[in-house]
Amino acid sequence: MYHNAFPSIIKQPDGELLVAFRRAPDRKVFGESITSHVDPNSYLVAVRSRDGEHWSPEPELIYAHPFGGSQDPCLLQLRDGSILCASYGWAFLRPEGMSNLKQPYFEAGGAIFLGGYLLRSTDGAKTWQGPIYPPHIEPEINYNAMGKPLPAYNRGALYEGKDGRIFWVVAASDANKPNKKTSNYLLISEDKGLTWKYSSVVATDSQASFNETSVYETPKGDIVAFLRTANMDDQACIARSTDGGKSFGNWEKMGFQGHPLQAMRLPDNRVLLVYGYRHKPYGIRARILNPECTDYATAPEIILREDGGGTDLGYPWSVQLDTNHVLVVYYYNINNGPRHIAGTLLEIPSK
């Protein structure tokens with residue numbers, strides 16, 4: 001009865017696993033033929049597990065936005081025990097409201113984009129505070145459904161650096177016509193996600209779009225952005241900062257297709273990079289990179305699954321279970337059936 005998608009996962013200090021995802025009605029229950037990724041009843045929910053195999057039977061509500069549907073809950077477990085969850089929303093307006101919208105705005109599936117927000121929990125995801133609205137950044141041209149400058153947003157992994165700063169690569173629309181185009185920018189929080197400041201341009205191009213980016217800090221201190229692209233034949237891209245996020249070098253193609261990507265440090269400092277694969281055979285793929293993420297073009301590709309029923313799948317996110325095992329969660333469909341949250345348990349070999 002539901003379209004479940006866009007998961008993220010964390011391991012809490014007591015060992016409990018928390019998977020957050022977006023749940024909305026499968027519109028077939030109303031006799032409709034198509035289920036969109038934009039829905040007025042799209043809520044952020046979560047399930048819990050102690051072992052990665054047995055999960056709470058019914059999702060619990062994280063947040064229902066009062067002005068529209070929410071998407072893509074992105075969890076970050078902080079070292080002080082608190083949890084951040086980044087999301088964004090869509091408002092469904094009546095015709096009168098549509099005619100009064102301040103332009104420009106972004107519309108999809110009959111809904112107007114609200115921009116991003118964050119939630120914060122200090123009690124193990126039992127309760128959530130917020131929403132915390134990040135700042136509007138100057139490159140963003142659109143207004144939200146209330147006629148206000150659009151708050152920053154993104155779907156992708158945030159990262160807590162070794163100095164305690166939190167890095168968040170956000171997207172911004174720099175063109176709507178003739179084609180919508182987005183670019184990526186870095187925001188930094190120095191107070192555990194309560195406030196955010198603009199730092200730098202991560203990736204922009206006159207033709208290609210960059211969005212849904214995950215960020216990672218290497219042992220050396222480089223900040224690496226793994227970029228989803230559009231108008232580039234689904235090429236995965238990378239951008240790197242060597243000065244703490246003050247600036248990024250030129251973005252580069254990584255040499256393979258896939259999106260979006262998420263990076264996780266393994267116990268030996270190598271990096272597990274996971275990504276969806278929306279080409280036949282549809283599924284989930286991964287690579288294990290060296291600690292500084294410089295061998296992305298030569299690291300062997302690992303196929304986790306290739307039995308997907310179409311392009312409406314992917315968005316993987318990984319977590320370390322123990323020294324040798326990782327759980328990768330994602331949303332999936334078999335034979336174009338119900339969209340569901342699934343997982344693959346991996347044994348990671350030593351070097």
Evaluation steps, side chain to side chain donor-acceptor pair (under 3.5 Å), between Ser121 and Asp123: CA-CA 6 Å; Ser121 177; Asp123 60 4; 2.9 Å; yes

Candidate pair Arg165 and Glu190, rule salt bridge (Lys or Arg N to Asp or Glu O under 4.0 Å), full reasoning: CA-CA 5 Å; Arg165 296 186 299 163; Glu190 297 181 350; 5.3 Å; no

Stepwise salt bridge (Lys or Arg N to Asp or Glu O under 4.0 Å) test for Glu60 and Arg48: CA-CA 9 Å; Glu60 62 193 71; Arg48 300 172 187 260; 2.9 Å; yes

Criterion side chain to side chain donor-acceptor pair (under 3.5 Å) on Glu306 and Tyr277, from CA distance to verdict: CA-CA 9 Å; Glu306 54 180 355; Tyr277 192 74; over 6 Å; no

His37/Arg22 under side chain to side chain donor-acceptor pair (under 3.5 Å): CA gap, chis, key distance, verdict: CA-CA 10 Å; His37 284 181; Arg22 167 263 200 203; over 6 Å; no

Verdict with supporting geometry, Asn184 and Thr213, side chain to side chain donor-acceptor pair (under 3.5 Å): CA-CA 8 Å; Asn184 279 153; Thr213 290; 2.5 Å; yes

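In the hydrophobic clustering of ILVMFWY residues, with side-chain heavy atoms under 4.5 Å counting as a link, Val224 and Val274 come out apart.
Considering CZ of Arg120 and CH2 of Trp128, their distance stands at 10.5 Å, rounded to 0.5 Å. Note: Thr122 OG1 to Gln129 CD = 4.5 Å, rounded to the nearest 0.5 Å.
Using a distance-only test at 3.5 Å, with no hydrogens or angles considered, no donor-acceptor pair links the side chain of Ser214 to the main chain of Gly156. When atom types are taken as modelled, the side chain of Lys180 and the backbone of Ser209 share no donor-acceptor pair closer than 3.5 angstrom. Looking only at distances, no side-chain donor or acceptor of Ser42 sits under 3.5 Å from a matching main-chain atom of Asp39.
Take Thr311 and apply the side-chain contact (heavy atoms from CB on, under 4.5 Å) test, not counting sequence neighbours, and it matches Arg278, Tyr282. With sequence neighbours excluded, the residues that form a side-chain contact (heavy atoms from CB on, under 4.5 Å) with Asp191 are Ser189, Leu194, Thr195.
A donor and an acceptor atom, one from each side chain of Tyr315 and Gln262, are nowhere located under 3.5 Å apart.
Under the ring pair (Phe, Tyr, Trp, His ring centres under 6.0 Å) test applied with Phe113, the options Tyr105, Tyr153, Tyr143 reduce to a single match, Tyr153. Of the residues listed (Trp317, Tyr330, Tyr331, Phe21), the one engaging Phe6 in a side-chain contact (heavy atoms from CB on, under 4.5 Å) is Tyr331, and it is the only one.
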